[in-house]
Undergrad: 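Here's a structure for you.
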Amino acid sequence: MAELSLPDAPDAPEVPSAATDGVWLRCIDCGHDHPPFDAVRYTCGECDGLLEVRYATHPTFDEFEGSGVWRYAAALPFDSGVTLPEGDTPLHRVPRLEESVGVRNLRVKHEGMNPTGSFKDRGMTVGVRVAREVGVDRLACASTGNTSAALAAYGARGGLETLVLLPQGKVAAGKIAQASLHGARILEVDGNFDDCLDIVRELTDRGEAYLLNSLNPFRLEGQKTIGLEILEEFYADEGRFPDRIVLPVGNAGNTAALYKCFRELVRGGDLAPGDVPKLTGVQAEGAAPMVEAVESGADGVERWDDVETVATAIRIGNPVNAPKALPGIRETGGTAVAVSDEEITDAQRELAGEGVGVEPASAASVAGLRKLRESGVVDSGEDVVCLTTGHLLKDPDAAADAGADPEPVPDSTDAVLAHLAGRDVGGLLGRLRRLF
Ligand code: F0G
C-alpha cells in the first residue's frame, strides 16, 4: 500500500482571514490565501499558480446523506447546486474482463451514466453554482467535447448564456450535437484543444465570460465525488478500499480531484494513509505528456504541440492540472502508462462485450490496466477500479468503426434464414467486398 505524505497539510488547518464560512482558495505554488467568492479568479493573483479550495473541516463518511453529488455536501463549498441531477453512477462488476486481465477484483465506475453522458456533470453542478455566486451571466470553456456538452446543459438549466471553443474537426458527433441543442454558441477553432484553452483563458481574463474548464478549482470539487462514491461503494461490498484506481488522463483534472479527495479523507480520519488507492493515469501514445513526465521523474510536464489519437476526448498536449496531479500519482505510489489506439479500441470492444458502452478515451483505462498487468507493474492480487469517463453514444463513429458491420439482407424471411445459415450468396459477396 502507498504511504501518503501530506506535505502542506497540518491536521487542524488554521483558518485564514480570507475564508468565508470556513472555505478559502489557496495557491499550490506560493501558499497565498484568497477569499473564495469576492471576485472572479482562476489562478493566484500573486504568482499565477493553480488554486485549490480549502476547508476548515474535513469530511467523514458518516456526514454524507442523500444521493448523487450533493450527498457529499459536507465535502463541498455549498449544500446544493444547479442540478440535473448527477452522480450515483454504477460500479459495474465485469467478471470476464476481470479474469482475462488477471486481477483479484476489477470494477468499472461508469461515469458515462451521468445526465449528459460524462463525469463533467459533477464539476458543472458545483461550477455553475459558483458562477451564480460571483454574479456572472456568460459561461465559457474550451473543450474536446464533453465539457462543452455539460456546460451547455448546465448553463441552460441555470438560465445562463454559454460559449464553447472546440478544435475544428476533432470533436465527436454526439458531443457537438449536445452543445448545439442545449443552446451553446459554438466556435470552431482552427487549432487543437490546447490552442482553444489559450484563447478562452484570455477571453475570460478580459472579463468576457466565466471560465469553467478544470483550471477552475471549483469544478474539481464536484469531481472529487467520483472518489467518494468509489470508496464508499467498494467498501460496502468488500469491506476494504480498492488498491488502485486507473483513469484516462487529459488535462489531469480527475487525477488531481481524486488525490484531493483522498487527502481530505485522510485528514478527516476515515482513510488510513496506508489505504489510499494508487492513482494510475493512462494516456494515448499520441498525446502522452503526463506519461513522459512520470517516466522521466521530471518536476513538470513539457507541452506536446502535435497530438493525435482516436480517443479525441484526451487529445491534449498541455495538461493544465499537471502540478496538482503529478504529486498525486507519485505520493500514492501510482504510475502512468501510454496505450496505442489499437489497444484502446480492443478495450472498448471488451467493455462492450460486458454490456458497458464507453467512448474511446474511457476504454484507455482498461487498456492501460491490461498493459500494466502484463508488464507486472500491477499485481494479480490487486483490487482495481477502472474509471470510464464517457458514454459510447458520445462518439457514434468510433463505436461503429469498432463494432460489427450491419449485414444487408433481402426483404423476405426465407432469405433472412438463408443468410443466417450462411447460404445467402449475394449477402456473403457483399460482406467480402466490404472486407477487401
Ligand atoms: N475522458 C473523457 C471522456 C473526457 O472527456 C476527458 C476530458 C478525459 C477523460 C480527461 O479528463 O481532463 O480530467 O484528465 N475532456 C475534456 C473536455 C478535456 O473538454 O471534454 P481530465
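Remember, it's 1-based here, ligands and their atoms both numbered in the order they're listed. Position 1 is the first residue of the sequence, and the numbers go up from there.
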Undergrad: Show the nearest heavy-atom pair for residues Val103 and Glu382, with the distance to one decimal.
TA: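 Of all heavy-atom pairs spanning Val103 and Glu382, the closest is CB-O, 3.6 Å.
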
Undergrad: Please confirm whether Ala252 comes within less than 3.5 Å of ligand 1 when only nitrogen or oxygen atoms on both sides are compared.
TA: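 Yes, at least one N or O pair falls under 3.5 Å.
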
Undergrad: Could you establish whether Asn213 and ligand 1 come within less than 4.0 Å of each other, counting only heavy atoms on the residue side?
TA: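 Asn213: no contact with ligand 1 (<4.0 Å).
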
Undergrad: Answer yes or no: does an N/O atom from Ser362 fall short of 3.5 Å to an N/O atom of ligand 1?
TA: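 No; the residue has no nitrogen or oxygen that sits under 3.5 Å from a nitrogen or oxygen of the ligand.
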
Undergrad: Quick check: closest heavy atoms across Gln223 and Gly253, and the distance to 0.1 Å?
TA: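 What the structure gives for the nearest pair is NE2-C, 4.1 Å.
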
Undergrad: Have a look at ligand 1 and work out which part of Ile314, if any, has a heavy atom under 4.0 Å from it: side chain, backbone, both or neither.
TA: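 For Ile314, the contact with ligand 1 is made by the side chain alone.
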
Undergrad: Report the nearest protein non-hydrogen atom to atom 7 (C) of ligand 1: residue, atom name, distance rounded to 0.1 Å.
TA: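 Ranked first by proximity to atom 7 (C) of ligand 1 is Lys120 NZ, 2.9 Å.
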
Undergrad: Looking only at non-hydrogen atoms, which of Gly253, Ala142, Pro248, Ala313 approaches atom 4 (C) of ligand 1 most closely?
TA: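 Nearest option to atom 4 (C) of ligand 1, by heavy atoms: Ala313.
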
Undergrad: Does atom CD of Glu342 have more than 12 heavy-atom neighbours from other groups under 6.0 Å away?
TA: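 12 or below, so no.
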
Undergrad: Considering only the protein, which heavy-atom contact is closest to atom 1 (N) of ligand 1, and what is its distance?
TA: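 For this ligand atom, the closest protein heavy atom is Thr389 OG1, 2.6 Å.
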
Undergrad: Classify the side-chain pair Asn213/Tyr42 by whether it contains a donor and acceptor separated by less than 3.5 Å.
TA: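 The criterion, which ignores hydrogens and geometry beyond distance, is not satisfied for Tyr42 and Asn213.
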
Undergrad: Pick one of side chain, backbone, both or neither for how Lys175 approaches ligand 1, counting any non-hydrogen atom pair under 4.0 Å.
TA: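 Neither; nothing of Lys175 gets under 4.0 Å from ligand 1.
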
Undergrad: Any nitrogen or oxygen of Ser148 lying under 3.5 Å from a nitrogen or oxygen in ligand 1? Just yes or no.
TA: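 No - when backbone and side-chain N and O of Ser148 are compared with those of ligand 1, no distance drops under 3.5 Å.
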
Undergrad: Within the structure, is a non-hydrogen atom of Ser118 found at a distance of less than 4.0 Å from ligand 1?
TA: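 So Ser118 does not count as touching ligand 1.
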
Undergrad: Does the N or O separation between Glu359 and ligand 1 drop below 3.5 Å for any pair?
TA: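 Among all N and O atoms of Glu359, none is under 3.5 Å from an N or O of ligand 1.
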
Undergrad: Do Thr43 and Arg201 meet the criterion of a side-chain donor-acceptor pair at a distance under 3.5 Å?
TA: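 No, because no side-chain N or O of Thr43 sits under 3.5 Å from a partner of the opposite role on Arg201.
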
Undergrad: Among protein heavy atoms, which lies nearest atom 13 (O) of ligand 1, and at what distance?
TA: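 Nearest protein contact, heavy atoms only, for atom 13 (O) of ligand 1 is Asn254 N, 2.9 Å.
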
Undergrad: Taking the basic N atoms (NZ, or NE/NH1/NH2) and the acidic carboxylate oxygens, is any pair closer than 4.0 Å for Glu161 and Arg138?
TA: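 Arg138 and Glu161: salt-bridged.
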
Undergrad: Ion pair present between Lys224 and Glu264, side-chain N to carboxylate O less than 4.0 angstrom?
TA: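 So Lys224 pairs with Glu264 through a salt bridge.
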
Undergrad: What part of Ser143 sits under 4.0 Å from ligand 1 if we count only heavy atoms: the side chain, the backbone, both or neither?
TA: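 It is both parts that get close, each with some atom under 4.0 Å.
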
Undergrad: At a 4.0 Å cut-off, with the gap strictly under it, does some heavy atom of Ser214 reach an atom of ligand 1?
TA: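 No, Ser214 has no heavy atoms under 4.0 Å from ligand 1.
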
Undergrad: Are side-chain heavy atoms of Val126 and Pro77 found at a separation under 4.5 Å?
TA: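 A side-chain contact exists here, since the closest heavy-atom pair is under 4.5 Å.
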
Undergrad: Carefully, step by step, assess Thr388 and His92 under the rule side chain to side chain contact (heavy atoms under 4.5 Å, CB included).
TA: CA-CA 10 Å; Thr388 57; His92 291 299; over 6 Å; no

Undergrad: Considering non-hydrogen atoms of the protein only, which is the closest contact for atom 17 (C) of ligand 1, and what is the distance?
TA: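 Answer, as residue, atom name and distance: Thr147 OG1, 2.9 Å.
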
Undergrad: Applying the salt bridge (charged side-chain N to carboxylate O under 4.0 Å, His left out) criterion to Arg107, which one of Asp237, Asp243, Asp383 satisfies it?
TA: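 With Arg107 as partner, Asp237, Asp243, Asp383 yield a single salt bridge (charged side-chain N to carboxylate O under 4.0 Å, His left out), made by Asp237.
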
Undergrad: Which one holds for Ile316 and ligand 1: side chain close, backbone close, both close, or neither close, with close meaning a heavy atom under 4.0 Å?
TA: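 Within the 4.0 Å criterion, Ile316 contacts ligand 1 through side-chain atoms alone.
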
